[in-house]
Enquirer: 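The structure's right below; bear with me while I get my questions together.
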Amino acid sequence: QVQIVESGGGLVQAGESLRLACTTSGLTFDDYAMGWLRQIPGKEREGVSYISRSGANTYYTNSVEGRFTISRDNSKNTLYLQMNSLKPEDTAVYYCAAAYTATHTYVPIRPYEYHYFGQGTQVTVSS
């Protein structure tokens, strides 16, 4: 059974930083591209950042480019999202997601390509 667990969310002020982490079990971590998506109540889940199996290739949505950094440690089955210079509009529930890919370098950038999701962690940024 696949389990994905996020941690690291919280309440911060604008301009501060948070580091999210995601651990997985029940899947071979380095067989999966990984990603972070977020959702605000009443809106669709949107992709924030994705990373290939090897970690060599990454993708960021425009609104977080230059502020967020995605990384992974395949030896620890763990995905990270370093979030700097946080803004109130970053407030959302952040979900970790996994997508099986056949190659080490492919980065799925469409939310529907991700098959496994965690329960989410709340990030709240006050102004």
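Just the heavy atoms: all of them, side chains too, but no hydrogens, waters or symmetry mates, feed the values below.
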Enquirer: Quick one: closest heavy-atom pair of Y32 and A98, and the distance?
Expert: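 Looking at all heavy atoms of both residues, the shortest contact is CD2-CB, 3.9 Å.
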Enquirer: What residues, two or more places apart in sequence or in another chain, satisfy salt bridge (charged side-chain N to carboxylate O under 4.0 Å, His left out) together with R38?
Expert: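 For R38 the salt bridge (charged side-chain N to carboxylate O under 4.0 Å, His left out) partners, ignoring immediate neighbours, are E46, D90.
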Enquirer: Would you say that more than 12 heavy atoms from the other residues, nucleotides or ligands in this model lie under 6.0 Å from the OH of Y116, or not?
Expert: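 No, the 6.0 Å shell around OH holds no more than 12 heavy atoms from other groups.
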Enquirer: Please enumerate all residues that pass side chain to side chain contact (heavy atoms under 4.5 Å, CB included) together with E16, with sequence neighbours excluded.
Expert: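 E16 satisfies side chain to side chain contact (heavy atoms under 4.5 Å, CB included) with V12, Q13 once adjacent residues are dropped.
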Enquirer: Judged by atom type as modelled, is there a donor-acceptor pair below 3.5 Å linking the side chain of S54 to the main-chain atoms of H104?
Expert: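 Yes, the answer is positive, given that a donor and an acceptor are paired below the 3.5 Å cut-off.
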Enquirer: In chain order, what residues pass the side-chain hydrogen bond (donor to acceptor under 3.5 Å, both in side chains) check against E113, with sequence neighbours excluded?
Expert: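 Testing E113 for side-chain hydrogen bond (donor to acceptor under 3.5 Å, both in side chains), a comparison that skips the adjacent residues, returns Y106.
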Enquirer: Report yes or no: is the cationic atom of R45 (NZ for Lys, CZ for Arg) under 6.0 Å from the centre of the six-membered ring of Y114, at an angle within 45° of the ring normal?
Expert: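 So R45 doesn't make the cation-pi contact.
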Enquirer: For V123, run the side chain to side chain contact (heavy atoms under 4.5 Å, CB included) check against L11, L20, L81 and tell me which one passes.
Expert: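 Passing option: L20.
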Enquirer: Do side-chain atoms of R19 reach the backbone of Q82 as a donor and acceptor pair under 3.5 angstrom?
Expert: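 A pair under 3.5 Å: no.
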Enquirer: Is the CD atom of Q119 crowded by more than 12 outside heavy atoms at less than 6.0 Å?
Expert: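 Atom CD in Q119 is not crowded, with 12 or fewer foreign heavy atoms closer than 6.0 Å.
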Enquirer: Determine whether a donor-acceptor pair (N or O, by modelled atom type, separation under 3.5 Å) exists between the side chain of E6 and the backbone of C96.
Expert: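 Yes.
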Enquirer: Tell me yes or no: between the side chains of N77 and T23, is some donor less than 3.5 Å from an acceptor?
Expert: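 On atom types as modelled, these side chains do not qualify, holding no pair under 3.5 Å.
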Enquirer: Evaluate the ring planes of F117 and Y95, with Trp represented by its six-membered ring, and classify them as parallel (under 30°), tilted (30 to 60°) or perpendicular (over 60°).
Expert: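 F117 and Y95: perpendicular rings.
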Enquirer: Within the side chain of R67, is there an N or O that forms a donor-acceptor pair under 3.5 Å with the backbone of S85?
Expert: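 At least one qualifying donor-acceptor pair exists.
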Enquirer: Output, in order, the C-alpha distance, side-chain angles, deciding distance and verdict of side chain to side chain contact (heavy atoms under 4.5 Å, CB included) for M34 and T24.
Expert: CA-CA 10 Å; M34 299 295 296; T24 69; 4.0 Å; yes
Enquirer: May I ask you to test the T101-S52 pair for a side-chain heavy-atom distance under 4.5 Å?
Expert: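 Side chain of T101 against side chain of S52, heavy atoms only: no contact under 4.5 Å found.
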